[in-house]
Visitor: 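Here you go, one structure.
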Amino acid sequence: MSAPCATRLCGGRSLVAQISRISLLLRKRSLLTAITVKYSTTREPCALRYAEYGDPSKVVQQSSLSVPEKLEPNEVKVKMLASPINPADINTIQGVYPIKPDLPAIAGFEGVGEVVDVGQKVTKLTPGTIVIPGVNAIGTWCTHVVGSEDDWLQVPEGTPTLFAATLRVNNCTAYRMLKDFVNLKPGDVMIQNAANSGCGQAVIQIAAAKGIKTVNIIRDRPNLDEVRSHLKNLGATEVVTDSVGQKGELNRIMKDLPKPKLALNAVGGKAAITLMKYLEHGGTMVTYGGMSRQPVTVPTGFLIFNDVRVVGHWMSRWHDHHGNLKN
């Protein structure tokens with residue numbers, strides 16, 4: 001997918017997640033697995049817009065838009081530098097995601113841009129500042145965005161462009177899930193599936209930086225050794241395949257580790273049951289995705305005898321509820 005454009009945005013709540021803290025924990029650019037659109041110089045601003053829900057390849061169209069020359073007092077003009085394509089972007093265009101922007105809409109949940117102009121009353125941002133969106137569904141598949149200064153958050157100086165472009169969704173999701181559900185301490189163990197996803201790789205790095213051991217489950221694949229080596233280099237403690245986990249062989253692999261206190265589930269179906277099987281008594285499983293499109297079914301014994309706690313996490317809701325908190 002190629003070049004995008006300017007749209008006027010009003011209001012919104014600032015994102016106040018631990019941007020600086022996450023940046024310190026995540027140093028390796030190899031975590032970036034999302035496809036990212038990088039914008040080259042174009043003769044005129046343009047956007048990737050959709051006027052109806054449906055197949056992205058059919059409903060998303062490139063269109064030219066005029067960027068206002070004069071800004072409102074509290075507005076900033078941002079030139080987008082890069083924007084990722086996440087599953088949530090595709091689902092939103094399809095009309096199956098809980099967030100449904102008013103149509104016609106410009107696609108894109110996250111990205112990174114450079115402030116190129118500011119209104120007279122703007123005090124937080126200046127031209128040259130590198131920023132990421134601070135509100136949901138701002139429309140980042142474009143060359144420029146014009147909106148309130150409160151719609152943007154400055155990223156730490158020196159943050160790599162592609163890292164900043166993917167900071168709001170996967171990396172913040174990983175950080176919040178490791179922080180908010182279980183009080184993990186150095187030496188504790190957590191387990192996750194979809195470990196080679198963008199979020200999974202961020203989980204590995206943040207956990208390693210905090211001294212938390214990770215057991216990582218990935219799909220069976222021909223290049224298993226390559227993927228395992230990559231995740232190990234990021235800090236993974238153990239990397240195994242779905243088949244190993246479902247056969248119960250993880251007990252042998254994890255014999256020298258404490259039982260996991262936290263499980264992160266992005267798949268559902270049998271993969272979720274596998275995670276619950278290895279949790280310690282009273283452990284917590286957090287579901288944040290359903291890649292298998294199969295329901296999360298909790299065996300009765302896990303609830304009664306293992307006292308497993310099963311919860312969900314949606315990063316967009318966290319941003320909405322906690323966007324103005326500095327915790």
Visitor: Give a yes or no on whether the backbone of S83 and the side-chain of T140 come within a donor-acceptor separation of less than 3.5 Å.
Guide: no
Visitor: Hey, what do you get for OH (Y278) to CD1 (I217), rounding to the nearest 0.5 Å?
Guide: 7.0 Å
Visitor: Would you say M315 ends up clustered with V169 if hydrophobic residues are merged whenever their side chains have heavy atoms under 4.5 Å apart, either directly or through other cluster members?
Guide: no
Visitor: For residues F109 and V60: do they belong to one hydrophobic cluster (side chain heavy atoms under 4.5 Å, members Ile, Leu, Val, Met, Phe, Trp, Tyr)?
Guide: no
Visitor: Do you know the tightest heavy-atom contact between L162 and A82?
Guide: CD2-CB, 4.3 Å
Visitor: Would you check if the side chain of R221 reaches a backbone N or O of R219 as a donor-acceptor pair within less than 3.5 Å?
Guide: yes
Visitor: To the nearest 0.5 Å, what is the distance between CG (D242) and CG (N193)?
Guide: 7.5 Å
Visitor: Under 4.0 Å between a side-chain nitrogen and a carboxylate oxygen: does that hold for D225 and R228?
Guide: yes
Visitor: Side-chain heavy atoms under 4.5 angstrom apart, residues restricted to Ile, Leu, Val, Met, Phe, Trp, Tyr: same cluster for V131 and V116?
Guide: no
Visitor: Roughly how far apart are T237 OG1 and I191 CD1, rounded to 0.5 Å?
Guide: 11.5 Å
Visitor: Identify every side-chain donor-acceptor pair in residues 287-302 under 3.5 Å, counting partners at least two apart or on other chains, and give the distances.
Guide:
from	atom 1	to	atom 2	distance (Å)
T287	OG1	N265	ND2	2.9
S292	OG	V267	O	2.6
S292	OG	Q294	N	3.2

Visitor: Identify whether I212 and V286 are in the same connected component of the hydrophobic contact network (ILVMFWY, side-chain heavy atoms under 4.5 Å).
Guide: yes
Visitor: Does K100 have more than 12 heavy atoms from other residues, nucleotides or ligands lying within 6.0 Å of its NZ?
Guide: yes
Visitor: Any non-hydrogen side-chain atom of V189 less than 4.5 Å from a side-chain atom of V215?
Guide: yes
Visitor: In this structure, are over 12 heavy atoms from other groups packed under 6.0 Å from K213 atom NZ?
Guide: no
Visitor: side-chain contact (heavy atoms from CB on, under 4.5 Å), that's the test. Do T129 and W152 meet it? Break it down for me.
Guide: CA-CA 10 Å; T129 302; W152 300 92; over 6 Å; no
Visitor: After noting the C-alpha distance and the side-chain angles of N216 and Q192, does the key distance pass the side chain to side chain donor-acceptor pair (under 3.5 Å) rule?
Guide: CA-CA 5 Å; N216 303 277; Q192 67 169 339; 2.8 Å; yes
Visitor: Taking I99 as the starting point, is it possible to reach V59 by hopping between hydrophobic residues whose side chains are less than 4.5 Å apart?
Guide: no
Visitor: Calculate, to the nearest 0.5 Å, the distance between atoms CD and CG belonging to Q205 and N171 respectively.
Guide: 8.0 Å
Visitor: Nearest 0.5 Å please: distance from the CE atom of M254 over to the CD atom of E238.
Guide: 8.5 Å
Visitor: State, with a plain yes or no, whether a side-chain heavy atom of V118 is found less than 4.5 Å away from one of T126.
Guide: no
Visitor: Check whether more than 12 heavy atoms from other residues, nucleotides or ligands sit under 6.0 Å from atom NZ of K259, and answer yes or no.
Guide: yes
Visitor: Which heavy atom of M177 sits nearest a heavy atom of L262, and at what distance?
Guide: O-CD2, 3.8 Å
Visitor: Answer yes or no: is there a side-chain heavy-atom contact under 4.5 Å between I85 and W141?
Guide: yes
Visitor: Considering all heavy atoms of both residues, which atom of F181 and which atom of T284 are nearest to each other, and what is their separation?
Guide: CB-CG2, 4.5 Å
Visitor: Do I130 and E114 have side chains that approach each other closer than 4.5 Å (heavy atoms only, starting at C-beta)?
Guide: yes
Visitor: Just do the side-chain contact (heavy atoms from CB on, under 4.5 Å) check on Y53 and L103 with the steps written out, would you?
Guide: CA-CA 9 Å; Y53 296 121; L103 299 180; 3.8 Å; yes
Visitor: Between P133 and E110, what is the shortest heavy-atom contact and its length?
Guide: CG-CA, 4.2 Å
Visitor: For N306 and V308, indicate whether the former's side chain and the latter's backbone hold a donor-acceptor pair under 3.5 Å.
Guide: no
Visitor: Would you say R168 and N136 are linked by a side-chain donor-acceptor pair, where the criterion is simply a distance under 3.5 Å?
Guide: yes
Visitor: How long is the gap from CD1 on I206 to CG on L234, to the nearest 0.5 Å?
Guide: 11.5 Å
Visitor: Do N74 and D150 come within less than 4.5 Å of each other through their side chains, counting heavy atoms only?
Guide: no
Visitor: Taking the side chain as every heavy atom from C-beta outward, state whether W314 and D320 have any pair of such atoms under 4.5 Å apart.
Guide: no
Visitor: Under the salt bridge (charged side-chain N to carboxylate O under 4.0 Å, His left out) rule, collect the residues that match up with D180, sequence neighbours excluded.
Guide: R176
Visitor: For residues P260 and L279, report the shortest heavy-atom separation together with the two atoms involved.
Guide: O-CD2, 3.4 Å
Visitor: Are the side chain of D220 and the backbone of S243 linked by a donor-acceptor contact shorter than 3.5 Å?
Guide: yes
Visitor: Using a 6.0 Å cut-off, check whether atom NZ of K79 has over 12 heavy atoms from anything other than its own residue.
Guide: no
Visitor: State, to 0.1 Å, how close A174 and A202 come at their nearest heavy-atom pair, and which atoms those are.
Guide: CB-CB, 3.7 Å
Visitor: Could you please spell out the steps behind the side-chain contact (heavy atoms from CB on, under 4.5 Å) verdict for V227 and H230?
Guide: CA-CA 5 Å; V227 175; H230 170 68; 5.6 Å; no
Visitor: Would V182 and M190 count as a side-chain contact (heavy atoms from CB on, under 4.5 Å) if you check the C-alpha gap in whole Å, the side-chain angles of each, and the deciding distance to 0.1 Å?
Guide: CA-CA 10 Å; V182 176; M190 61 79 56; over 6 Å; no
